[in-house]
S.K.: 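The structure is given below, and queries will be raised subsequently.
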Amino acid sequence: MAKKQFKTESKRILDLMINSIYTHPEIFLREIISNASDAIDKLCYQSLTDDKVDMQRSDFKIKLGVSEEDRIISVSDNGIGMTKEDLENNLGIIAKSGSLKFKNEMEKSGEASDLDIIGQFGVGFYSAFMVSDRVTVITKAYGSDTAYKWESSGTDGYTIEEWHRDSVGTDVIMHIKDDVEESEYTRFLNEMSIGQLVKKYSDFIRWPIVMDAVEAEEVETGALDEDGNPITKQVTKVVEQVINSMVPIWQRSKDEVTKEESDEFYQNIYYDYEPPVSTIRVNAEGQVAYKAMIFIPGRAPTNFFSDQFEPGLQLYCNGVMIMERCKDVIPDCFRFVRGVVDSPDFPLNISRETLQHGRQLKIISNNLEKKIKNELRRLMDEEPENYEKFYDAFSAQLKYALVANQGEKKELLTDLLMFYSSKEKELVPLREYKEKMPEEQKLIYYVCTDSIARAESLPQAEQIRDKGYEILYMTEDVDDFVIRRLEEYEGIKFCNITNDDLGLETDEEKSEIEKKQEENKELLDFIKDTLGDSVVDVRISRKLKSHPVYLTSEGDISIEMEKYFSVMKNEMAQSIKAKRVLELNSEHHAFKSIKEAFENDKEKAAKLSKILLAQGILIAGLPLEDAAEYAELVCELF
Ligand code: ADP
Ligand code: MG
């Protein structure tokens, strides 16, 4: 029979598997069992709407077989089975788009364990080749009369031929490799090891996983002994034993489930190599009865901030999965959570379409929103380290969610925010900032910046720090938008330290600045005229102390926003510019020089004006339009 070749990518991944890059070959069983369980889920789901599926829930099972003599481990299910096309598509090529990413991930993953990668990219079936030198799949699809046998010894391709199988379902028969090192693969070839692997990785599989066991039994022979008692003899018989506990973890009471069990469940199901930072259990009665187990991850999946990420929880109705990812059951702002919702009230046999728009989902979503919020607040107060881990991974998500939809979730999300504090040198919640404010402080000071170091060196920061006030350094792109959305926190307005008015001066100080402004009006007008459209105003600064010059903005668009938009490859975005204002420190000797030049040498004064503007632009972290001209001007000073 002609061998078909695996697609190139598949071949490479098979190579990786076979050449035992993985340190956990034992997960092969989990993967094959979970495919069997998925296949049963599919047929069971079908049976809810299709009378022709002649199966009861209790008929479904996964049967394991092991023979040390033949070096075989087999996994059989009575699930949906595969057609010839399915075999080609599912076992002949590695899961579609996942494969490229898989490769990339492999290349850069020093630390990611094998567990994540195998499951995450839908290459679970191939893990059989870590322990097998040949894999045979015999399968008959639901609704089909023909069974098929698929077989492969690894990278050299596979064969498919018609075969015989009585009923619908699939057998995966793994021919276990010979040992290279002592007991390397032989260790899997006994009932005890298989049982342990099932306990470890597949205990919560909803369908019974059974294995034949030999049981001894006393039976009466029919004869009687001399005292008239029945004579018995020992016979052995083979019985199917269920080796998994089946009860899904979320159905067990909270006290019964240890943290280890629950973490392991999360890590196995969601392919995370770290435990979650928190697990929420809900057992709700009332409008909708449901149980939920919600995990808050401490790490964002690599695709979290892309369209490829699919948020949502798994929906179950009394232990039967009815939807893999239901996103309507959690609020979008908390799209990072993982977990399960199980409700006997979910309408099992109506279309998923209807379910998606169900009132029940809305009620659950609202309820979970509160629970998640409360848990995050609790973490923030009681487990700051865990909260920071979470925040590190998902702060941007919280912020985008806060800005989105006209700030609809503002109330919910504000007190989950933290920003870097100039005083504490770490992230602090807004509440803490407010609590520590000196009595006379009227505003919450912040600055948007690309780095903490730059924020520290900002000229305006000096005056505020001198007052003993804390400044929040905001280093994420979205921060500026967040603050604009918030406007204030518990009645205290936010103030960007690059603003003109920092609300620091007394009336006296203010009138003094105005006086200076008046005194230097001619000079300031001259500078403004020289600089033309590059600035909308030139002023005496109210906040500079040791620096000569600073660039601020007037109106809605800040310098930071301009920077944010300028890097986008979009004409519209690039045309968004701040209205620049040049502020000068009248106490600085640079100011004295330009004043002198203005009186004696207008040409020099014009050049100095340009230099000051260029310096302002540079300090603000913006690009100079004409760097050559600036360099020339500076050199002329020598
Ligand atoms: P995944 O399970 O992530 O889709 P796998 O590599 O584990 O990836 O399996 C590939 C596909 O092969 C499955 O999606 C399924 O369609 C099919 N498959 C594997 N095992 C079985 C089985 N026992 N019964 C039916 N289909 C199966
Ligand atoms: Mg799988």
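Whatever order the structure lists ligands and atoms in, that order sets their numbers, starting from 1. Note that this is a predicted model, so its numbers are computed, not measured.
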S.K.: Using 30° and 60° as the class limits, which term best fits the ring planes of Trp250 and Phe265: parallel, tilted or perpendicular?
M.R.: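 Rings of Trp250 and Phe265: tilted, as their planes differ by 30° to 60°.
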S.K.: Please confirm whether Tyr126 comes within less than 3.5 Å of ligand 1 when only nitrogen or oxygen atoms on both sides are compared.
M.R.: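 N/O-N/O distance under 3.5 Å: no.
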S.K.: What is the ring orientation for Tyr266 with Phe295, classed by angle as parallel under 30°, tilted 30 to 60°, or perpendicular over 60°?
M.R.: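 It falls in the tilted class, 30° to 60°.
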S.K.: I'd like to check which ligand 1 atoms, numbered from 1 as shown, lie under 4.0 Å from a non-hydrogen atom of Leu91.
M.R.: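 Listed by number with element: 12 (O).
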S.K.: Could you tell me, atom by atom, which parts of ligand 1 come under 4.0 Å of a heavy atom of Asp77?
M.R.: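 So the answer, numbered in order with elements, is 22 (C), 23 (N).
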S.K.: N/O of Glu31 under 3.5 Å from N/O of ligand 1, yes or no?
M.R.: no
S.K.: Near the Mg ion (ligand 2), is there an N/O/S atom from Asn35 that is less than 2.8 Å away?
M.R.: yes
S.K.: Going by an N to O cut-off under 4.0 Å, is there a salt bridge joining Lys63 and Asp212?
M.R.: yes
S.K.: Below a 4.0 angstrom heavy-atom separation, can you tell me which part of Asp86, side chain or backbone, both or neither, approaches ligand 1?
M.R.: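 Asp86 to ligand 1: no contact under 4.0 Å from either part.
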S.K.: Taking Lys84 first and then Glu162, would you say they form a salt bridge - that is, a charged N and a carboxylate O separated by under 4.0 Å?
M.R.: no
S.K.: Indicate yes or no: does an N/O atom of Phe125 lie under 3.5 Å from an N/O atom of ligand 1?
M.R.: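 Indeed, backbone or side chain, Phe125 has an N or O that close.
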S.K.: Can a donor-acceptor pair be found between the side chains of Asp86 and Thr83 at a distance below 3.5 Å?
M.R.: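 On atom types as modelled, these side chains qualify, holding a pair under 3.5 Å.
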S.K.: Establish, for the pair Arg165 and Tyr148, whether the NZ or CZ atom is under 6.0 angstrom from the six-membered ring centre and no further than 45 degrees off its axis.
M.R.: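 No, Arg165 does not lie over the aromatic ring of Tyr148.
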S.K.: Is the shortest N/O to N/O distance between Asp38 and ligand 1 below 3.5 Å?
M.R.: no
